[in-house]
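These numbers come from a predicted model, not from an experiment. By convention in this document, chain letters (A, B, ...) are assigned in the order of the sequence lines, proteins followed by strands, and residues within each chain are numbered from 1.
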Amino acid sequence: MIRITLPDGSVREFEQPVSGAALAQSIGAGLAKAALAIRIDGTMRDLDTMIDRDTRVAIVTTKDPDALDLLRHDAAHVMAEAVKELFPETQVTIGPSIENGFYYDFSRPTPFTPEDLAVIEARMREIVARDEKIVVETWDRDEAVAFFLGLGETYKAEIIGSIPAGQPITLYRQGAFVDLCRGPHLPSTGKLGNAFKLTKLAGAYWRGDSRNEMLQRIYGTAWGDQKQLDAYLTMLEEAEKRDHRRLGREMGLFHFQEEAPGAVFWHPKGWTLFQCLIDYMRKRQNAADYVEINTPEVMDRSMWETSGHWQTFREHMYTTETEDKRVFCIKPMNCPGGIQVFKQGLKSYRELPMRMAEFGKVHRYEPSGALHGLMRVRAFTQDDAHIFCAPEQMEAECRIVVSLIMDIYRDFGFENVRIKFSDRPEKRIGSDEIWDTTESALRNAVESMGLEYGVNPGEGAFYGPKLEFVLRDAIGRDWQCGTLQVDLNLPARFDVAYVGEDGQRHAPVMLHRALFGSLERFTGILIEHYAGKFPLWLAPLQVVVATITQDADAWARDVAAALRARGIRVETDLRNEKINYKVREHSVAKVPIMLVVGKREAETGAVAMRRLGGKDQEVLALRDALDTLSSEAAPPA
RNA sequence: GCCGAAGUAGCUCAGCGGUAGAGCAACUGAUUCGUAAUCAGUAGGCCCCCGGUUCAAAUCCGGGCUUCGGCACCA
């Protein structure tokens, strides 16, 4: 007797082992038709999996949140089948489901062309129409290797070799196509439906290693129905309109040009925004008991040899040789400079923790393919700081930094910041004991605050473990913004010390932290986050005073002057244009506040205030408008 | 850096061997108007750069630069 507990708590009993499909059938014909897979004790399995013990089982249908994952994984297989039919010389490698879609990596002598995509997609729809049964088979390891080698599928054979011993080797067969896969899969290709689309071609290294062959990757998106697919595609189009590169141009914030790849030309409006962020951060840091310093942009190569940057990042550093043959480096990091300031004069434990901030502009020769608008540039400004503290202070200091970051992000409306913890990388400096200490301090800090975090093994900085605070751009790409690193290595290499209570010299712990991270990147994130419609305190141009007729020109100038005296960024629009035209133009330019003045306002000392996106306006006395606007335009405290 | 694609007016794009085009923006003139596009006119181009093929190249070929989509990288 097998007792199967369903999600609603009801129990079904069977005399013999029963397949998921039969279980669904026993519950109802409609459910059997909608069934895609089953979940046994929380794990997704094929629908025809035999259930041979007492357990809890859920039938997975298209309504299930995991159904899309299943669907997308199948879409990858159907795509691989289509490719093998059309281009038999192609080898298949791996093809997982991913967020919003799927991809499959293929190995072939010549790349796919954009035209191939349409052909492959058409063949995929044929395969869906064929409704091929998808059947799982468990194979002997050696036979499976021989089978794939026989097909010329060397990558598949290699993958089998890397599957841990003891794990079953499962092959999924659909029509004439057989793929090595751990599953689970839909019962047949017809269940995939037609709500999918191939989206882009790309190169991708085998096993993600740039020393390996470059494979041809095809990306696609797949959904439960056409409506979802359309909604997704529309969402992508909308997201494109928020792209900071596009808005940066349209709003006249900044530009790039060929002579300075990866370096920003900030225009007046963009620079205003940039400076607003620095002003805000400076205020927050001062309140958090930081001091601010500034250190040289160019320092002798020896400085970077001591820090270890030269050995690790030499090819990504800008260098310059002077007439006397000295090699200087344009700083890629601020830390060595900060350390020199700390080292001036003997420090006492009483002065710790010492929090030294620096808005430092750094240059890094990033790989050309990495450049991406403001998000990844070769010259950028960090809101950097180095906190020198005693070992017993480091955990508490970490917590203070983390809570400052989260608090500051909240001011910009980022509530769900993803945190990643990265531990020791292969290429690193310092002893394992030091890494043990710094890793556990950082980890304890974030855990004791009850924050969720993910782990990136081996992704730490070469001198210490780090926390990354990740924000997402308009089209779903993740960018590291804030970071906190714990470092016992650089203080040792630079021979940094303070005098402890015991009168002896001790090495301080150094925390490297940046909250925005790169001001350039954070600005890019904000442009996309707000879709260019900045809150009043950040808007480069806060108010436009627009006239209806020339009779109001003098009053408009007075209004603008009064606003300017209150520190509001204001312009007048006295052009001989209809008010409709002006309203539209400044709305498109995303100016948050428009003060419209005509004869009536001029005579009564009033303004008609119109907010961006608003339908109506509010007529109020100038002094009331001044009070309202200056309080609204104040940065968050 | 690697794979693929693209660079034509300020922007979006058409033209793909034979005198460089459109829409929007800009500029000029008229209109003085009450909350998202007034009308008319004018001007605007090393067709990314360097070579080659050709009677003739924006167009074909080669090299380079930059950008875009991924991969790799990200102190």
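The base of G1(B) sits within donor-acceptor range of the side chain of Tyr205(A), with an N or O pair under 3.5 Å. Not a single donor-acceptor pair, N or O on each side, falls under 3.5 Å between the base of C74(B) and the side chain of Arg521(A). At a cut-off of 3.5 angstrom, counting only N and O atoms as typed in the model, there is a donor on one side and an acceptor on the other between the side-chain of Arg376(A) and the base of C74(B).
C11(B) and G45(B) are spaced 14 Å apart, taking the P atom of each and rounding to whole Å. U54(B) and U12(B) have their C1' atoms separated by 34 Å, with the value rounded to a whole Å. One P atom belongs to C60(B), the other to C47(B), and the distance between them is 16 Å to the nearest Å. Rounded to the nearest Å, the gap between the P atom of G7(B) and that of C61(B) is 14 Å. A40(B) and U31(B): their C1' atoms are spaced 11 Å apart (whole Å). Nucleotides G21(B) and G69(B) have their C1' atoms positioned 29 Å apart, rounded to a whole Å. Nucleotides C65(B) and A25(B), compared at atom P, are 38 Å apart to the nearest Å. With both ends at atom P, the span from G51(B) to G70(B) equals 36 Å, rounded to whole Å.
Within the 4.0 angstrom heavy-atom criterion, only backbone atoms of the sugar-phosphate kind lie near Gly373(A); the bases stay farther away. Across all strands, Gly208(A) comes closer than 4.0 Å only to sugar-phosphate atoms, never to a base (heavy-atom distances). Counting any heavy atom pair closer than 4.0 Å across all strands shown, Tyr103(A) reaches no nucleic acid atom. At a threshold of 4.0 angstrom between heavy atoms, the contacts of Gln485(A) are confined to the sugar-phosphate backbone, with no base atom among them. Pro367(A) comes within 4.0 angstrom of a base, heavy atoms only. Counting non-hydrogen atoms under 4.0 angstrom, Pro332(A) reaches a base of the nucleic acid.
Not counting sequence neighbours, Phe380(A) has no partner by the ring-ring contact (aromatic ring centres under 6.0 Å, His included) test. For Tyr409(A), the ring-ring contact (aromatic ring centres under 6.0 Å, His included) partners at least two apart in sequence or on another chain are Phe522(A). Considering only residues two or more places apart in sequence or on other chains, Phe494(A) meets the ring-ring contact (aromatic ring centres under 6.0 Å, His included) condition with none of them.
With a cut-off of 3.5 Å on both pairing distances, the Watson-Crick or G-U wobble partner of U66(B) is A6(B). Using Watson-Crick or G-U wobble geometry with both donor-acceptor distances under 3.5 Å, G17(B) finds no partner in any strand shown. Remark: G41(B) base-pairs with C27(B). Criterion, Watson-Crick or G-U wobble with two distances under 3.5 Å.
Lys361(A) has no carboxylate O lying under 4.0 Å from a charged side-chain N of Glu297(A), or vice versa, which leaves the two without a salt bridge. At a threshold of 4.0 Å, the pair Glu89(A)-Arg108(A) counts as salt-bridged, since one of the basic side-chain nitrogens sits closer than that to a carboxylate oxygen. With respect to Arg207(A) and Glu158(A), a salt bridge is recorded, a charged nitrogen being found less than 4.0 Å from a carboxylate O. Between Glu153(A) and Lys84(A) there is a salt bridge, with a side-chain nitrogen of the basic residue lying less than 4.0 Å from a carboxylate oxygen of the acidic one. Salt bridge Glu238(A)/Arg242(A): absent, no basic N to carboxylate O contact under 4.0 Å. Using a 4.0 Å cut-off between a side-chain N of Lys or Arg and a carboxylate O of Asp or Glu, Asp573(A) and Arg575(A) qualify as a salt bridge.
With rounding to whole Å, Tyr219(A) atom OH is found 13 Å from G69(B) atom P.
Put simply, Phe112(A) does not rest on the base of G4(B): the two rings are not both less than 5.5 Å apart at their centres and under 30° in tilt.
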Nucleotides 29-37 of chain B: protein proximity per nucleotide (B base, S sugar-phosphate only, - neither; heavy atom, under 4.0 Å):
--BBBBBBB

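Residue order along RNA chain B, read from the 5' end via each residue's closest nucleotide, puts Leu201(A) first among Leu201(A) and Glu366(A).
Residue pairs meeting the salt bridge (Lys or Arg N to Asp or Glu O under 4.0 Å) criterion with at least one member in residues 544-555 of chain A, sequence neighbours excluded: Asp551(A)-Lys599(A).
Rounded to the nearest 0.5 angstrom, His244(A) NE2 and Leu374(A) CG are separated by 4.0 Å.
Residue Arg211(A) has no polar side-chain atom (N or O) positioned under 4.0 Å from OP1 or OP2 of G1(B). Residue Arg378(A) places none of its side-chain N or O atoms closer than 4.0 Å to OP1 or OP2 of C74(B). Side-chain nitrogen and oxygen atoms of Ser368(A) include at least one within less than 4.0 Å of the OP1 or OP2 phosphate oxygen of G1(B). The side chain of His372(A) places no N or O atom within less than 4.0 Å of a non-bridging phosphate oxygen (OP1 or OP2) of U67(B). Regarding contacts with the backbone of G69(B), a side-chain N or O of Arg477(A) is found under 4.0 angstrom from either OP1 or OP2. For C73(B), the OP1/OP2 oxygens have no side-chain nitrogen or oxygen of Tyr365(A) closer than 4.0 Å. Dashed line: the shortest gap from a side-chain N or O of Arg249(A) to OP1 or OP2 of C11(B) is not under 4.0 Å.
Contacts between residues 461-475 of chain A and RNA chain B, defined by a heavy-atom separation below 4.0 Å, involve Ala461(A), Tyr463(A), Lys466(A), listed by number.
When distances are taken from the side chain of Ala204(A) to each of G69(B), A75(B), C71(B), the shortest belongs to C71(B).
Between His316(A) and Tyr365(A), a ring centre-to-centre spacing not shorter than 6.0 Å is recorded.
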